[in-house]
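A quick write-up on the structure given underneath.
Every number for a ligand or one of its atoms is a count from 1 in the order of the listing. One is the number of the first residue; the rest follow in order along the sequence.
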Amino acid sequence: MSRVSQPWPPVPVEPAVPHPKAPSPGTELGVHFAECFGCGDEADAGLHLRSTVGEGQVVHSRFTVTAAHQGAPGLAHGGLLACAFDEALGSAVGNLMRRPAVTGKLETDFRRPVPVGSTLFIEARLDGIAGRKIYVSADGHLDAEDGPVAVSARALFVVVGFEHFSTHGDPQALEKLAEQHKKNLQQRGERDWEINP
Ligand SMILES: CCCCCCCCCC(=O)SCCNC(=O)CCNC(=O)[C@H](O)C(C)(C)COP(=O)(O)OP(=O)(O)OC[C@H]1O[C@@H](n2cnc3c(N)ncnc32)[C@H](O)[C@@H]1OP(=O)(O)O
């Protein structure tokens, strides 16, 4: 069976140009929410994924697979790897575009097993934008930035208004998220995001 899937992006797009105030290449990105399973310090069994802005439209992320992340004995669970890509791709969208957006669609190709103890280096890139739709893709390299590709992913993020989170989310957790967001911006000496979808 061929691994070749549909053309990407699947619709005509404009270049996804990073926001003029996007953090510059080399910036270590902060935790966006302490309880986030993908990056949060307070999510004990979480992925603790860390990200750095790359050149152009790229964010580099990495996380180390622990015993808490197993599916088969000694191997990372596939759904958990998909979570890592959701986080890494979401970080690229949120930090480079500085627009609130949620995952509409996420597709993963699992190419090699990912053992417990290995580190996945994920390079996520902005592929294009069409209205509220932001197309992104990523490759996850095993144990080194230039290691073999173990997992690839493509995703559609949809820009939403902040009412998406206030309507559907937990108001108290949102306050915590807002504080974390301000802290991250202050650490980088920046002002707040564009909020209009
Ligand atoms: C710094 C920040 C770091 C953040 C990192 C965290 C990363 C984690 C991100 C997540 O995991 S977010 C949580 C998982 N996602 C969700 O819970 C989203 C749930 N879905 C929704 O809330 C809505 O379906 C959604 C906001 C995505 C879209 O609903 P809307 O009513 O706002 O829009 P609409 O349905 O009209 O879709 C907008 C466009 O996207 C298209 N679209 C939406 N979902 C699609 C889909 N699944 N496949 C293809 N196209 C899709 C849709 O066809 C349409 O295209 P057009 O503009 O051309 O008409």
(message) Side chain, backbone, both or neither: which applies to Leu156 and ligand 1 if a contact is any heavy-atom pair less than 4.0 Å apart?
(response) side chain

(request) Using distance alone, decide if ligand 1 has a nitrogen or oxygen within less than 3.5 Å of any nitrogen or oxygen in Thr103. (result) yes

(message) Strictly distance-based, threshold 3.5 Å: is any side-chain N or O of His69 a donor or acceptor partner for the main-chain N or O of Gly46?
(response) yes

(request) Indicate yes or no: does an N/O atom of Arg132 lie under 3.5 Å from an N/O atom of ligand 1? (result) yes

(message) If the cut-off is 4.0 Å to any non-hydrogen atom of Lys105, which atoms of ligand 1 fall inside it?
(response) 47 (N), 48 (N)

(message) If hydrophobic residues (ILVMFWY) are linked whenever their side-chain heavy atoms come closer than 4.5 Å, directly or via other members, who joins Val58 in its cluster?
(response) none

(request) Compute the shortest N/O to N/O distance between Lys133 and ligand 1 and return yes if it is under 3.5 Å, no if not. (result) yes

(request) Using a strict cut-off of less than 4.0 Å between a Lys/Arg side-chain nitrogen and an Asp/Glu carboxylate oxygen, indicate whether Glu175 and Lys182 qualify as a salt bridge. (result) no

(request) Report yes if some N/O of His32 lies less than 3.5 Å from some N/O of ligand 1; otherwise report no. (result) no

(message) Any salt bridge linking Asp127 with Lys133? Criterion: basic side-chain nitrogen under 4.0 Å from a carboxylate oxygen.
(response) no

(request) Taking all heavy atoms of Tyr135 and all of Pro9, pick out the closest pair and write down the distance. (result) CG-CB, 3.8 Å

(request) For Asn95, take its heavy atoms, then give the atoms of ligand 1 lying under 4.0 Å from any of them. (result) 1 (C)

(request) Run the numbers for me: atoms of ligand 1, each under 4.0 Å from some heavy atom of Val160, listed by number. (result) 26 (C)

(request) Please determine if Asp139 and Arg125 form a salt bridge, counting it only when a charged side-chain N lies under 4.0 Å from a carboxylate O. (result) yes

(request) Check each atom of ligand 1 against the heavy atoms of His164 and keep those under 4.0 Å away; list them by number with element. (result) 22 (O)

(message) Donor-acceptor pair, distance only, cut-off 3.5 Å: does the side chain of Thr167 make one with the backbone of Glu163?
(response) yes

